[in-house]
Amino acid sequence: MAYENILVETRGAVALITLNRPKALNALNSALMTELSTALDGFEADAEIRAIVITGSEKAFAAGADIKEMQSKTYMSAYLEDFITSWERVSRVRKPVIAAVAGYALGGGCELAMMCDFIIAADTAKFGQPEILLGVLPGAGGTQRLTRLVGKSKAMDLCLTGRMMDAAEAERSGLVSRVVPADKLIEEAVAAAEKIASLSLPAVMLTKEAVNRAYETTLAEGIRFERRVFHSMFSTEDQKEGMQAFIEKRPAVFRHR
Ligand code: CAA
């Protein structure tokens, strides 16, 4: 399928999606988000793909929801179209998704990155929830996901002042998993995705589901969920292979089932 607002490519079992509205710093308009959902649907259904990387440009991962598209909305139009809800597609992908962020990840851009499983940041990355400066508040999960990731104090600071934080502060506060030199960002993110893609796909998908469960439930319920899933892993071919390979001191060859 031909896309106008994103670029897609595959590198073996890894899909790379590049947000591509350079003139608007990858502002997230409805056309871009529809294309992103379509691409994710396709990679989710493609058995050859086992990990996905979402990235932007050197200057901007994404500078937020498209303010020019949004400015004239009314309460009723936003309500009736259920504005933003379709973006949640990103957080419902069952395969692993890594955000590779360089430059601005602001507003909806920061929220999009947080919908991914983890964020690898270039040393040029700048994160923020500047919606307050526009007279609104985050609408794609910013007040919720950011607070869970960095805690109340820093989330309040960022959401109430609209200030940006750099990559070092984002790593210190737990928003990003690691910071890499900007010119190595794609290489590092794809390498991480390739590593994950080489592992047992059912184990990877269930690990993702279990970690996400930690955000949705109590510790006791989460532990019970993990235990049930852990027991179920003994039904997979990959568990047999993974443990046999360890005992035989050889690399495991996973069949992803
Ligand atoms: N929406 C629409 N267009 C945007 C945009 C956005 N979020 N961010 C940048 N652009 C456009 C600019 O309007 C400009 O277009 P023109 O050349 O046609 O004027 C172009 O991208 C380049 O931007 P700047 O000239 O502003 O670039 P800069 O380097 O001087 O500044 C910036 C960069 C600090 C990121 C600045 O562009 C900026 O503050 N952008 C807005 C950030 C923002 O407020 N994001 C939150 C949006 S609301 C939201 O996301 C709601 C939600 O929770 C879902």
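In each ligand, atom 1 is the first atom listed, and ligand 1 is the first ligand listed. From a predicted model like this one, the values you see are computed outputs, not experimental measurements.
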For [X], is the nearest heavy atom under 4.0 Å from an atom of ligand 1?
{"X": "Met70", "result": "yes"}
{"X": "Gly142", "result": "no"}
{"X": "Lys23", "result": "yes"}

For ligand 1, which part of [X] has a heavy atom less than 4.0 Å away: the side chain, the backbone, both, or neither?
{"X": "Ala65", "answer": "both"}
{"X": "Glu69", "answer": "neither"}
{"X": "Ile84", "answer": "side chain"}

Name the closest protein heavy atom to [atom], giving the residue it belongs to and the distance to 0.1 Å.
{"atom": "atom 10 (N) of ligand 1", "answer": "Ala24 O, 3.7 Å"}
{"atom": "atom 1 (N) of ligand 1", "answer": "Ile67 N, 2.9 Å"}
{"atom": "atom 29 (O) of ligand 1", "answer": "Lys59 NZ, 3.0 Å"}
{"atom": "atom 5 (C) of ligand 1", "answer": "Ala27 CB, 4.0 Å"}
{"atom": "atom 38 (C) of ligand 1", "answer": "Leu106 CD1, 4.8 Å"}
{"atom": "atom 12 (C) of ligand 1", "answer": "Lys68 NZ, 4.0 Å"}
{"atom": "atom 37 (O) of ligand 1", "answer": "Leu25 CD1, 3.7 Å"}
{"atom": "atom 48 (S) of ligand 1", "answer": "Leu134 CD1, 3.6 Å"}

Pull out every atom of ligand 1 sitting under 4.0 Å from any heavy atom of [X], numbered as shown with elements.
{"X": "Glu111", "value": "52 (C), 53 (O), 54 (C)"}
{"X": "Pro138", "value": "53 (O)"}
{"X": "Glu131", "value": "48 (S), 49 (C), 50 (O), 51 (C), 52 (C), 53 (O)"}
{"X": "Gly107", "value": "46 (C), 50 (O)"}

| query | Are any of the N or O atoms of Ala63 closer than 3.5 Å to those of ligand 1? | reply | yes
| said: I want to know if ligand 1 touches Gly139 in the polar sense, i.e. an N/O pair below 3.5 angstrom. | reply: yes
Is there a protein heavy atom at a distance of less than 4.0 Å from [atom]?
{"atom": "atom 26 (O) of ligand 1", "value": "no"}
{"atom": "atom 42 (C) of ligand 1", "value": "yes"}
{"atom": "atom 33 (C) of ligand 1", "value": "yes"}
{"atom": "atom 8 (N) of ligand 1", "value": "yes"}
{"atom": "atom 16 (P) of ligand 1", "value": "yes"}
{"atom": "atom 23 (O) of ligand 1", "value": "yes"}

| request: May I ask you to decide if the ring planes of Phe234 and Phe230 are parallel, tilted or perpendicular, using 30° and 60° as cut-offs? | output: perpendicular
| query | Are any side-chain N or O atoms of Asn26 and backbone N or O atoms of Arg21, one a donor and one an acceptor, separated by less than 3.5 Å? | reply | yes
| said: Donor-acceptor check, side chain of Ser77 to backbone of Lys73, threshold 3.5 angstrom: yes or no? | reply: no
| For residues 173-191, which residue pairs qualify under side chain to side chain donor-acceptor pair (under 3.5 Å), counting only residues two or more places apart or in two chains? | none
| Salt-bridge contact Arg250-Glu241 (side-chain N to carboxylate O under 4.0 Å) | yes
| message | Check this for me, if you would: do Arg163 and Glu169 make a salt bridge, where the nitrogen-to-carboxylate-oxygen distance has to be below 4.0 angstrom? | response | yes
| query | Are Leu149 and Met164 connected, step by step, through hydrophobic side chains (Ile, Leu, Val, Met, Phe, Trp, Tyr) whose heavy atoms are closer than 4.5 Å? | reply | no
| field | For Glu9, side-chain hydrogen bond (donor to acceptor under 3.5 Å, both in side chains) partners two or more places apart | value | Arg11
| task | Mark yes or no: Arg148 above the aromatic ring of Tyr215, with NZ or CZ under 6.0 Å from the six-membered ring centre and no more than 45 degrees from the axis. | result | no
